[in-house]
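Okay, so here's the structure we're looking at.
Source: prediction; values computed, not measured.
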Amino acid sequence: QVQLVESGGGLAQAGGSLRLSCAASGRTFSDTFSSYAMGWFRQAPGKEREFVAGISSSGEFSYYTDSVKGRFTLSRDNAKNTVHLQMNSLKPEDTAVYFCAETSSRFPPFAPEYWGQGTQVTVSS
């Protein structure tokens with residue numbers, strides 16, 4: 001059973017930074033982390049969950065929603081089965097629960113097959 005565990009959420013001031021991490025576990029030897037694209041979604045109170053960023057299985061290709069381009073950077077370490085979302089120049093509208101996700105499909109659009117439990121990010125003005 002694949003598990004995705006997020007960490008790194010918390011409180012930041014507008015203009016500040018946070019770094020989210022997602023660690024994947026539970027795979028069999030033949031089913032490797034490096035075969036899957038990884039992504040982040042977020043859900044603000046009263047709003048639908050939205051795609052934030054995705055990165056290809058090799059890490060060569062990444063894709064961002066327009067509102068975070070130039071501010072967020074997604075990277076992955078396939079040796080450690082982790083992905084990291086570096087969030088800079090944070091805005092109050094970035095406040096949301098952030099979810100790590102995984103897919104075996106090409107993207108965009110990113111079609112998650114597994115989800116993490118989410119981590120809260122709150123940005124104060």
Side-chain angles (χ1 to χ4, degrees):
Q1 182 71 22
V2 173
Q3 289 187 321
L4 303 176
V5 179
E6 301 98 334
S7 61
L11 178 64
Q13 290 188 333
S17 299
L18 285 172
R19 186 181 190 230
L20 304 184
S21 297
C22 174
S25 63
R27 296 214 130 76
T28 61
F29 180 77
S30 60
D31 184 22
T32 60
F33 176 75
S34 61
S35 299
Y36 294 83
M38 301 296 295
W40 288 89
F41 287 70
R42 67 186 179 186
Q43 188 167 18
K47 295 187 177 181
E48 293 187 355
R49 192 171 298 188
E50 64 171 352
F51 171 81
V52 175
I55 189 166
S56 61
S57 58
S58 67
E60 182 177 3
F61 173 74
S62 57
Y63 183 81
Y64 302 88
T65 193
D66 286 346
S67 61
V68 308
K69 284 180 181 177
R71 300 189 297 122
F72 290 11
T73 303
L74 184 55
S75 61
R76 67 187 294 159
D77 184 341
N78 284 344
K80 296 182 178 180
N81 293 356
T82 58
V83 293
H84 304 286
L85 183 67
Q86 179 66 42
M87 306 186 297
N88 298 329
S89 302
L90 284 164
K91 303 176 181 181
E93 51 263 44
D94 294 319
T95 295
V97 178
Y98 283 70
F99 297 89
C100 179
E102 181 182 276
T103 183
S104 59
S105 303
R106 299 182 67 174
F107 72 97
F110 198 102
E113 297 166 17
Y114 295 100
W115 291 97
Q117 82 287 354
T119 186
Q120 177 70 46
V121 171
T122 303
V123 183
S124 63
S125 58

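- For Q13, the CD atom sits in a loose shell: 12 or fewer heavy atoms of surrounding residues, nucleotides or ligands are nearer than 6.0 Å.
- Residues K69 and D66 are paired through a salt bridge, judged by an N-O separation under 4.0 Å between the basic side chain and the carboxylate.
- The two residues F72 and Y64 come nearest to each other via the heavy atoms O-CE2, 3.3 Å.
- Ring geometry for F99 against W115 counts as perpendicular: the plane angle is over 60°, on a 0 to 90° scale with 30° as the lower cut.
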Hey, mind stepping through E113 and S104 against side-chain hydrogen bond (donor to acceptor under 3.5 Å, both in side chains) and telling me if it holds?
CA-CA 8 Å; E113 297 166 17; S104 59; 2.6 Å; yes
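- Looking at residues two or more places apart in sequence or on another chain, you find a side-chain contact (heavy atoms from CB on, under 4.5 Å) between T82 and A23, D77, K80, H84.
- Contact check for V83 versus W40: side-chain heavy atoms found under the 4.5 Å cut-off.
- The minimum heavy-atom distance between L4 and C22, with the atom names listed, is CB-SG, 3.9 Å.
- Expressed to the nearest 0.5 Å, how far OG of S75 lies from CE of M38 amounts to 11.5 Å.
- Remark: side-chain polar atoms of E6 are paired, donor with acceptor, to backbone N or O of Q117 under 3.5 angstrom.
- Looking at every heavy atom in both residues, F107 comes nearest to G54 through CZ-C, 3.5 Å.
- Once rounded to the nearest 0.5 Å, the distance linking CD of Q43 with CD of Q120 reads 11.0 Å.
- Within the 4.5 Å cutoff, no side-chain heavy atoms of Y36 are placed close to those of S57.
- The CG atom of L90 sits 6.5 Å away from the CZ atom of R71 when rounded to the nearest 0.5 Å.
- At most 12 heavy atoms of other shown residues, nucleotides or ligands fall within 6.0 angstrom of atom OH in Y63.
- Between A53 and L85, the closest heavy-atom pair is CB-CD1, 4.3 Å.
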